[in-house]
Amino acid sequence: MEYSLPSSLHYSTSTLLSSLIILVAAYLTFRQFRLRRPPIYLLDFSCFKPPQNYRVPYAAFAEHARFILGEEISSFLVRVLEKSGLGEETALPIGAHYIEPTPVPTMSGSREEAELVIFSAIDDLLKKTGVDPLDIGVLVINSNSFYPVPSLTSMVVNRYKLRSDIRSFSLASMGCSSGPISIGLARDLLIANPNTGLALIVSTEIITSPSWYQGKLRSMLIPNCLFRLGGAAILLSASPSHLPRSKYQLIHVIRTHLASDDRAYRCLWMEEDDAGHLGISLSKQVVDVASKALELHFATLCPLVLPLSEKLRYLSFLLQRSNKKSVTPAPTFVPEFRRAFDHFCLHAGGKAVVDGLQKVLELRDEEVEATRMSLHRFGNTSSSSVWYGLGYTEAKGRVRKGDRIWQLGLGGGFKCNSAVWRCVRDVDAKEGGGAWADCVHRYPVCC
């Protein structure tokens, strides 16, 4: 979703004290678990590249909106699109290109989109890795608003004739931050069942779904301007034999869920408008909720990933703050995340989201380049956007052995989730081409 974030986060004394306690406990727990838990490796991943005829240039979007919604609303949507950070090559499902679209998305249209995105990403991944589908023992697919019967996992099992004893899970309605949730689930299943084989994860958002808004309420039409076709397929393994072929090792999955707070629970809400059209409404409180989610998320993340020098700076700030008796506004603490991570793959929810995250995290322009370029080329692809960002970084030849990667997603619930990876070998730019292969030479661009 498109929303702004504050330029800094205010940490309460209680939060900081809790963080210090978490710091020590997390370090000890981490050491204990690392001694007994097998490492999880990422063999490779593939991002879906939409066909050329699915592109939605600004002019085509404006003409289509004018025909369906009228001049006034279409002008508003074009202004939103022009400020969104999306480029001229983003794509929508083929059904959205019809001059006279059906009144509501059909099940056949939704299945057609799901098969195109999911099968294309998996086909490319299997081709790149040479993996036999029968070696896959775990299958996890997350798609926010399309959940057919049979499930999306059944659709994949049927297509690739996967094993009858496969552990399969379809995750629905988990929001744009559900990618790390799927990675965490697959990790836990591989650890609990070490002989189960490989884990295949698919992160996507099927746009041709009931939540694709068909009405004329401006606030609920904004997601139609931002969401685009996209998806990613990922292969994980717990077998040391796969280390030489792997790209990354999974270090952490961190999840923060604020649904116990009523404001957070309702800030992104699926509902009908007065005319009965289903869509997503965005609360004005989403900025405050996102800020709180990030604050709590960092309280767990920072003790795990920050170097000792930053932890000491954190402690120094806490001591100064606890001794401060002034009534002036509370000081802020923003860790230097660039000292913990070499590459940042943030949720590409829209220009305002990226701008807000850049300010909150105090990142340089080059550190959010991958996220901005992913938004420009592919749009908001929901949970898969962090994989397009990593794909861009690989295609630029920037990933080297030992580099640390941070994937951060925000989504309804309200949730803030992270996956932290470490590169286990140099990644050649040609390996990371994929969806970026024919266009990465044109980037970065101004957006």
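By convention here, the first residue in the shown sequence is residue 1.
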Could you check whether Phe298 and Phe337 have their ring centres less than 6.0 Å apart? yes
Would Thr129 and Asp44 count as having a side-chain donor-acceptor pair, cut-off 3.5 Å? no
Going by an N to O cut-off under 4.0 Å, is there a salt bridge joining Glu369 and Arg398? yes
Compute whether any side-chain donor of one residue and acceptor of the other, for Arg372 and Gln358, lie under 3.5 angstrom apart. yes
Could you tell me if Arg228 and Asn380 have a donor-acceptor pair between their side chains, going purely by distance under 3.5 Å? no
Modelled atom types, side-chain donor and acceptor of Ser385 and Ser374, under 3.5 Å: no
Report, as yes or no, whether the 6.0 Å neighbourhood of atom CZ on Phe119 holds more than 12 heavy atoms from other residues, nucleotides or ligands. yes
Would you indicate whether the side-chain heavy atoms of Leu200 and Ile234 approach each other to under 4.5 Å? no
Flag the pair His257 / Phe414 as yes when their ring centroid distance falls below 6.0 Å, and as no otherwise. no
Does Asn144 use its side chain to pair, donor to acceptor, with the backbone of Glu205 at less than 3.5 Å? no
With distance as the sole test, does Asn158 use its side chain to make a donor-acceptor pair with the main-chain N or O of Ser154 at under 3.5 Å? no
Answer yes or no: is there a side-chain heavy-atom contact under 4.5 Å between Arg339 and Pro307? yes
Measure the CE-CG distance between Met270 and Leu278 for me, rounded to the nearest 0.5 Å. 5.5 Å
So, Asp403 side chain and Arg400 main chain: donor-acceptor pair closer than 3.5 Å or not? yes
Please report the closest heavy-atom contact between Ser170 and Leu152, naming both atoms and the distance. OG-N, 3.8 Å
Check whether any side-chain N or O of Lys396 sits under 3.5 Å from a backbone N or O of Val440 as a donor-acceptor pair, and report yes or no. yes
In chain order, what residues pass the side-chain contact (heavy atoms from CB on, under 4.5 Å) check against Ala238, with sequence neighbours excluded? Ile40, Leu190
Are any of the side-chain heavy atoms of Val131 and Arg245 separated by less than 4.5 Å? yes
Would you say the side-chain atoms of Tyr160 and Asp123 include a donor-acceptor pair closer than 3.5 Å? yes
Distance col, row Ser237:OG vs Ile136:CD1, nearest 0.5 angstrom, shows 11.5 Å
Let's go through Leu185 and Leu189 carefully: what are the C-alpha distance in whole Å and the side-chain angles of both, what is the deciding distance for side chain to side chain contact (heavy atoms under 4.5 Å, CB included) to 0.1 Å, and is it a yes or a no? CA-CA 6 Å; Leu185 174 59; Leu189 289 167; 4.0 Å; yes
Rounded to the nearest 0.5 Å, what separation is found between the OG1 atom of Thr393 and the NE2 atom of His343? 6.5 Å
Would you call Lys49 and Glu89 a salt bridge, taking side-chain N to carboxylate O under 4.0 Å as the test? no
By salt bridge (Lys or Arg N to Asp or Glu O under 4.0 Å) - contacts of Arg163 (at least two apart): Asp165
Reported SG-to-CG distance for the pair Cys176 and Leu410, which is rounded to 0.5 angstrom: 9.0 Å
Do His297 and Ser418 get their side chains close enough for a donor-acceptor pair, meaning under 3.5 Å? yes
Does the Ser384 side chain pair with the main chain of Thr381, one donor and one acceptor, at a distance under 3.5 Å? yes
If you define the side chain from C-beta out and look only at heavy atoms, does anything of Leu162 sit under 4.5 Å from Val156? yes
For Arg425, give me all partners under side-chain contact (heavy atoms from CB on, under 4.5 Å), at least two apart in sequence or on another chain. Lys247, Glu431
Strictly distance-based, threshold 3.5 Å: is any side-chain N or O of Arg338 a donor or acceptor partner for the main-chain N or O of Glu362? yes
Can you confirm whether the side chains of Tyr54 and His97 place a donor and an acceptor under 3.5 Å from each other? no
With heavy-atom distances below 4.5 Å as the criterion, would you say the side chains of Trp212 and Ser145 are in contact? no
Checking side chain to side chain contact (heavy atoms under 4.5 Å, CB included) for the pair Lys415/Ile181: CA distance, chi angles, key distance, verdict? CA-CA 10 Å; Lys415 294 186 286 294; Ile181 296 176; 4.2 Å; yes
Is the charged tip of Arg377 near the ring of Tyr388: under 6.0 Å from the six-membered ring centre and within 45° of its axis? no
For Ile207 and Pro93, work out which heavy atoms get closest and say how close. CB-CG, 4.0 Å
Go through the steps for Ile183 and Trp421 under the test side chain to side chain contact (heavy atoms under 4.5 Å, CB included), then give the verdict. CA-CA 11 Å; Ile183 294 293; Trp421 307 86; 4.0 Å; yes
Audit row: Lys351, Asp355, salt bridge (charged side-chain N to carboxylate O under 4.0 Å, His left out) steps and yes/no: CA-CA 6 Å; Lys351 187 176 184 300; Asp355 288 346; 2.9 Å; yes
Among Phe48, Phe45, Phe378, which residue meets the ring pair (Phe, Tyr, Trp, His ring centres under 6.0 Å) test with Trp387? Phe45
Taking Glu367 for its side chain and Arg364 for its backbone only, find out whether a donor-acceptor pair lies under 3.5 Å. yes
Kindly indicate whether the side chain of Gln407, heavy atoms from C-beta on, has any atom under 4.5 Å from the side chain of Pro180. no
Value for OG1 (Thr256) from CD (Glu295), rounded to nearest 0.5 Å, stands at 11.0 Å
Any side-chain donor near an acceptor of the partner, Ser241 and Ser239, under 3.5 Å: yes
Just jot down the side-chain contact (heavy atoms from CB on, under 4.5 Å) partners of Val424, sequence neighbours excluded, or say none. Leu243, Ser246, Gln249
Taking the side chain as C-beta and beyond, is there a heavy-atom pair between Phe344 and Thr371 under 4.5 Å? no
Intermediate values then yes/no, side chain to side chain contact (heavy atoms under 4.5 Å, CB included), Leu116 and Glu112: CA-CA 6 Å; Leu116 171 69; Glu112 181 181 349; 5.8 Å; no
Mind checking what makes ring pair (Phe, Tyr, Trp, His ring centres under 6.0 Å) contact with Tyr392, not counting sequence neighbours? Trp436
Using the test side chain to side chain donor-acceptor pair (under 3.5 Å), find all partners of Glu310 that sit at least two apart in sequence or belong to another chain. Arg313
Side chains of Thr208 and Ser110: any donor to acceptor distance under 3.5 Å? no
With distance as the sole test, does Ser291 use its side chain to make a donor-acceptor pair with the main-chain N or O of Asp288 at under 3.5 Å? no
Do Leu171 and Ser182 have side chains that approach each other closer than 4.5 Å (heavy atoms only, starting at C-beta)? yes
For Lys430, is there any backbone N or O sitting under 3.5 Å from a side-chain donor or acceptor partner on Asp428? yes
Between Ser168 (side chain only) and Leu139 (backbone N and O only), is there a donor and an acceptor less than 3.5 Å apart? no
Kindly give the heavy-atom pair with the smallest separation between Leu375 and Ala348, and that separation in Å. CD1-O, 3.5 Å
Taking atom types as modelled, is there a side-chain donor on Thr90 or Arg55 under 3.5 Å from an acceptor on the other? no
Just verifying a value: how many Å separate Asn417 CG and Met174 CE, rounded to the nearest 0.5 Å? 8.0 Å
